[in-house]
Amino acid sequence: MLVVTEKGSVAIAISKAISPSPKTFALKGHILDLDFPEEYNNWRTIDPKELFKAPVKWVVRDFKTYRNLKEVLKNLNGPLILATDNDYEGELIAYEVLQLAKSARNQVKYMRMRFNSTATNELRDAWTRLEPDLNWGWVWKAYFRSKFDLVTGATYTRLLTLSARKNRYPYKLLSWGSCQIPTLWFIYTREMEIRNFKPETYYELKAILNVKGVEVEVFSKPIKDRSQAISLYEKVKDVKEATVSSFESEFFSEHRPLPTDTDVMLQELTKILGISGAKIMSLAEELYADGFISYPRTQTNMWIRMNHKYVLDMLSNTPLSKYVRSGVFQPKNGRKNDNAHPPIYPVKPYLYDDAKGKIWSYIARRYVANVASKDALLKRWRLDVHLKDVAMNNMGRYIIDDGFYEVFPYFKPKDLSQIPEVKPGEFLPVLKVELMEKKTKPPSRLTESDLLKLLEKNGIGTDATRHEYPSKIIARGYAGKKRKTFIITQLGERLIQLLENVNGQLVTPETRRFVEQIMGEVELGKRTVDEALNYALNVYSDLYAKLEAYIRSAKLIL
DNA sequence: GCAAGGTC
C-alpha cells in the first residue's frame with residue numbers, strides 16, 4: 001500500500017492519524033506539466049497559429065520526485081491511495097500520479113482518499129470511506145484550464161514577440177496570459193481615468209466656530225457658480241453667531257480584525273511595508289519553513305479546533321506580552337474555510353527587526369488583536385448650524401477606548417476631532433468666515449493592495465498565485481512602481497490599446513471569466529473536455545486571426 | 001524562450 005499526498009504536511013498528518021501508519025509519499029505539487037512536443041519549440045519555423053491545432057503531451061517537471069515515485073510504485077504491494085488535496089488541481093495531480101503508476105506497472109489498483117482537513121478525526125473517517133475512483137469532472141476541468149492557458153499563452157506571446165522583433169523593436173518578450181493581461185488592464189483603465197479627468201472648480205464657505213472653547217470648522221455644500229458663492233459669502237462674512245440646527249452623536253464599535261488569510265495578509269502588508277506581494281509571500285514561506293509561523297497559503301479565516309492557550313503562552317515571552325491578557329481569549333471568526341489549513345498565526349518568536357521580523361510582528365499582532373483583544377470604542381458626531389439662512393455642517397469621530405488598536409495600530413484612524421456636546425438653538429460664536437476655491441481631484445493610482453483586491457474580486461488568479469501578477473507585469477516592462485503605486489509604461493499602454501482595438505475579450509477581466517465559465521461546464525459534464533477545448537480555442541483562434549491581420553495592416557504600432 | 005497552477 002502507498003499513500004501519495006500533495007505536500008509534506010499532509011503526509012505527516014496521515015502517518016500520525018492512521019494506525020498502523022501506512023507508507024506515504026509526499027509530492028511537492030504537480031509532477032507533470034502539459035507542453036507541446038519538441039518539434040513545436042522552434043519559434044522561427046513554426047507559425048504560432050499552428051499551436052492551436054498542435055498536440056500536447058505530459059512532460060516531467062520535477063525529475064527527482066518523478067524518479068523516486070516511480071521506483072516506489074514499481075515495488076508497490078497493495079492499493080495506491082491518492083490523497084492529494086480535495087480540489088480540482090488536487091484531482092489533476094492525482095491523475096498525474098495515476099499515469100506514472102500505469103507506466104510503472106501492468107495493473108494498478110487505486111483508491112481516492114478525500115478529506116477536507118488534516119484533523120485526526122477527519123482523516124480517520126476518510127480512511128474508512130476511500131472512494132473507488134477519481135472525480136473525472138474535476139480532472140477534466142483542471143485539464144481544460146491547463147491546456148487553454150498553455151495554448152493561448154504560447155500563441156499570443158509568440159505572435160506579439162515575433163511581430164515586434166520583425167519591426168525591429170528590441171523587446172525580449174511580449175507575453176500574453178489570461179491573468180497577467182487583465183492585471184495590466186486595471187492599471188491601464190485607471191491611468192485613462194486620471195488622464196481624461198477634467199478638474200472642476202467649485203466653492204465652499206468655511207466658518208470657524210468656538211464650540212465651548214474648542215475651534216470647530218463647518219462647511220457649506222459645494223457651490224458651482226462663482227457669483228452665487230460670492231453673494232452667499234457677502235451675506236454671512238460678518239455674522240457673529242451661528243445657530244445650532246442639530247447635534248447628533250453616538251458610540252460605535254470598530255470590530256477587531258478577523259483571523260488572517262493569505263489575501264488579507266498580502267493586501268495589508270503591501271500597504272504597511274511598501275514591498276511587493278511576491279516578495280512578502282517568499283519571506284512568509286521562509287518564516288513557515290523555519291517554523292516561525294503556520295502555513296501562509298490559506299483561505300480560511302475561522303478557527304477550528306485551535307489551541308489558543310499554547311500560542312498566547314508563547315507570545316507572553318515576547319515584547320507583545322503586555323498585550324496578552326493571560327487566560328482571556330475570545331476570538332472573532334470570519335466565514336471562510338478552505339477545509340485544509342487554519343488562518344495564519346505565529347508559532348514561535350522571531351524577534352529580529354528585518355523585513356521578516358516586520359511580517360512576523362504583523363501576523364502576531366493581528367493574532368493577538370483577533371484572539372485576546374477588545375473591539376475599539378469610538379464616538380461619531382454631526383453638527384449642523386446655520387449662519388443667517390446658510391446651512392453649514394461637519395462630522396467627525398474620535399476614539400474613546402483603543403481596544404485592539406493598542407496591539408494592532410497599523411490602520412488606526414487619524415484626523416480625530418473631539419467636540420463638546422451642544423443643543424439645537426444654541427448660539428456659537430463665529431471666529432472667521434472664508435470663501436474657498438477648490439478643484440475636484442482625479443482618482444489616485446492603484447497601490448499593490450488595491451490591485452490585489454481587484455484581482456480577488458474579479459476572480460483572477462488563485463489565493464496562491466494572485467501575488468505573482470503585479471510583479472510579473474513589472475518584470476515584463478508593462479508597468480512600474482512610483483511611490484508605492486502602479487504606473488503603466490508606454491509599452492504596457494500600447495500593448496493594451498493594440499489588443500483592445502482588436503477585441504476587449506483579449507484584455508478585460510472577461511478573458512478570465514470566459515475560462516472559468518467553461519471550466520464550470522466541463523465539471524458538470526455539459527461539455528466534454530474535448531468539446532470545451534475545441535470551442536474555447538476556436539474563439540481565441542478567431543481573435544488571433546484578427547489580431548494578426550491588425551498587426552499586419554498597422555505595421556505593428558507598439 | 002510562451003501560461004497558470006501546484007508547493008519549498
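Any value given below was found using the heavy atoms of this structure, including those in side chains, with hydrogens, waters and symmetry copies removed. Just so it is clear: chains get the letters A, B, ... in the order the sequence lines come, proteins before strands, and each one is counted from 1.
- Counting any heavy atom pair closer than 4.0 Å across all strands shown, A:Arg466 reaches no nucleic acid atom.
- Rounded to whole Å, the distance from CG on A:Leu173 to P on B:dG1 is 11 Å.
- Annotation for A:Glu38: atom CD does not count as buried by contact number, only 12 or fewer foreign heavy atoms lying within 6.0 Å.
- Within the 4.0 angstrom heavy-atom criterion, base atoms lie near A:Leu150.
- As a whole-Å value, the separation of A:Phe52 CZ from B:dC2 P is 18 Å.
- Within the nucleic acid shown, A:Ser146 comes within 4.0 Å of at least one base atom, counting heavy atoms only.
- Between B:dC2, B:dA3, B:dC8, one nucleotide has an atom nearer to the side chain of A:Glu285 than all others, and that is B:dC8.
- A:Ser361 places no side-chain N or O within donor-acceptor distance of the main-chain N or O of A:Gly357, the cut-off being under 3.5 Å.
- Regarding contacts with the backbone of B:dA3, a side-chain N or O of A:Ser175 is found under 4.0 angstrom from either OP1 or OP2.
- Every residue two or more places apart in sequence or in another chain was checked for a salt bridge (Lys or Arg N to Asp or Glu O under 4.0 Å) with A:Lys472, and none qualifies.
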Candidate pair A:Glu286 and A:Lys356, rule salt bridge (charged side-chain N to carboxylate O under 4.0 Å, His left out), full reasoning: CA-CA 8 Å; A:Glu286 286 177 27; A:Lys356 274 195 265 185; 2.9 Å; yes
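- A straight line from CD1 of A:Ile293 to P of B:dC8 spans 13 Å, rounded to a whole angstrom.
- Across all strands shown, A:Asp85 has heavy atoms under 4.0 Å from sugar-phosphate atoms exclusively, and none from any base.
- Atom CG of A:Asp33 and atom C1' of B:dG6 are 10 Å apart (whole Å).
- Across all strands, A:Asp87 comes closer than 4.0 Å to no nucleic acid atom at all (heavy-atom distances).
- Considering only side-chain N and O atoms, A:Thr84 lies nowhere under 4.0 angstrom from the phosphate OP1 or OP2 of B:dG6.
- Between A:Tyr288 and A:Leu32, the residue anchored closer to the 5' end of DNA chain B is A:Leu32, taking for each the nucleotide with the nearest heavy atom.
- Counting distance only, with no hydrogens placed and no angle test, the side-chain atoms of A:Asp149 and the base atoms of B:dC2 include no donor-acceptor pair under 3.5 Å.
- Side-chain nitrogen and oxygen atoms of A:Arg476 include at least one within less than 4.0 Å of the OP1 or OP2 phosphate oxygen of B:dA3.
- At a threshold of 4.0 angstrom between heavy atoms, the contacts of A:Ser178 are confined to the sugar-phosphate backbone, with no base atom among them.
- Using a 4.0 Å heavy-atom cutoff across all strands shown, A:Glu6 reaches sugar-phosphate atoms only and no base atom.
- Residue A:Gly8 is in sugar-phosphate contact alone, with no base atom involved, counting any heavy-atom pair closer than 4.0 Å across all strands shown.
- Take A:Glu523 and apply the salt bridge (Lys or Arg N to Asp or Glu O under 4.0 Å) test, not counting sequence neighbours, and it matches A:Lys141.
- When each of B:dC2, B:dC8, B:dG1 is scored by its nearest atom to the side-chain atoms of A:Phe36, the top-ranked nucleotide is B:dC2.
- For residues 526-541 of chain A, the side-chain hydrogen bond (donor to acceptor under 3.5 Å, both in side chains) pairs, not counting sequence neighbours, are A:Glu521-A:Arg527.
- Backbone-only engagement by A:Tyr295 is indicated by non-hydrogen atom pairs under 4.0 Å involving sugar-phosphate atoms exclusively.
- Candidate nucleotides B:dG6, B:dC8, B:dA4 were compared by shortest atom distance to the side chain of A:Thr462, and B:dG6 ranks first.
- Look at A:Trp176 and the base of B:dA3; the rings do not stack under the cut-offs of 5.5 Å between centres and 30° between planes.
- Screening A:Tyr350, A:Tyr345, A:Tyr352 against A:Phe292 for a ring-ring contact (aromatic ring centres under 6.0 Å, His included) leaves a single residue, A:Tyr350.
- Within residues 525-532 of chain A, no residue has a heavy atom under 4.0 Å from DNA chain B.
- Contact check, A:Lys7 against B:dT7: a side-chain N or O comes under 4.0 Å of OP1 or OP2.
- Checked against salt bridge (Lys or Arg N to Asp or Glu O under 4.0 Å), A:Glu268 has the following partners two or more places apart in sequence or in another chain: A:Arg366.
- Partners of A:Asp125 by salt bridge (Lys or Arg N to Asp or Glu O under 4.0 Å), not counting sequence neighbours, listed by chain and number: A:Arg129.
- In this structure, A:Leu34 and A:Asp463 both approach DNA chain B, and ranking their closest nucleotides by distance from the 5' end singles out A:Leu34.
- In this structure, the CH2 atom of A:Trp138 is 13 Å from the P atom of B:dG6, given to the nearest Å.
- Closest to the side chain of A:Gln180, out of B:dC2, B:dA3, B:dG1, is B:dA3.
- For the pair A:Lys141 NZ and B:dA4 C1', the interatomic distance rounds to 15 Å; values are reported in whole Å.
- Residue contacts shown for A:Tyr143 are absent, as no nucleic acid heavy atom lies under 4.0 Å away.
- In this structure, A:Leu51 places its CG atom 13 Å from P of B:dA3, rounding to the nearest Å.
- Spacing between atom CG of A:Leu92 and atom C1' of B:dA3 amounts to 15 Å, rounded to whole angstrom units.
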Verdict with reasoning, A:Trp176 to A:Tyr156, per ring pair (Phe, Tyr, Trp, His ring centres under 6.0 Å): CA-CA 6 Å; A:Trp176 185 96; A:Tyr156 284 85; 4.9 Å; yes
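- For the OP1/OP2 pair of B:dT7 and a distance below 4.0 Å, the side-chain nitrogens and oxygens of A:Arg297 include at least one atom meeting the criterion.
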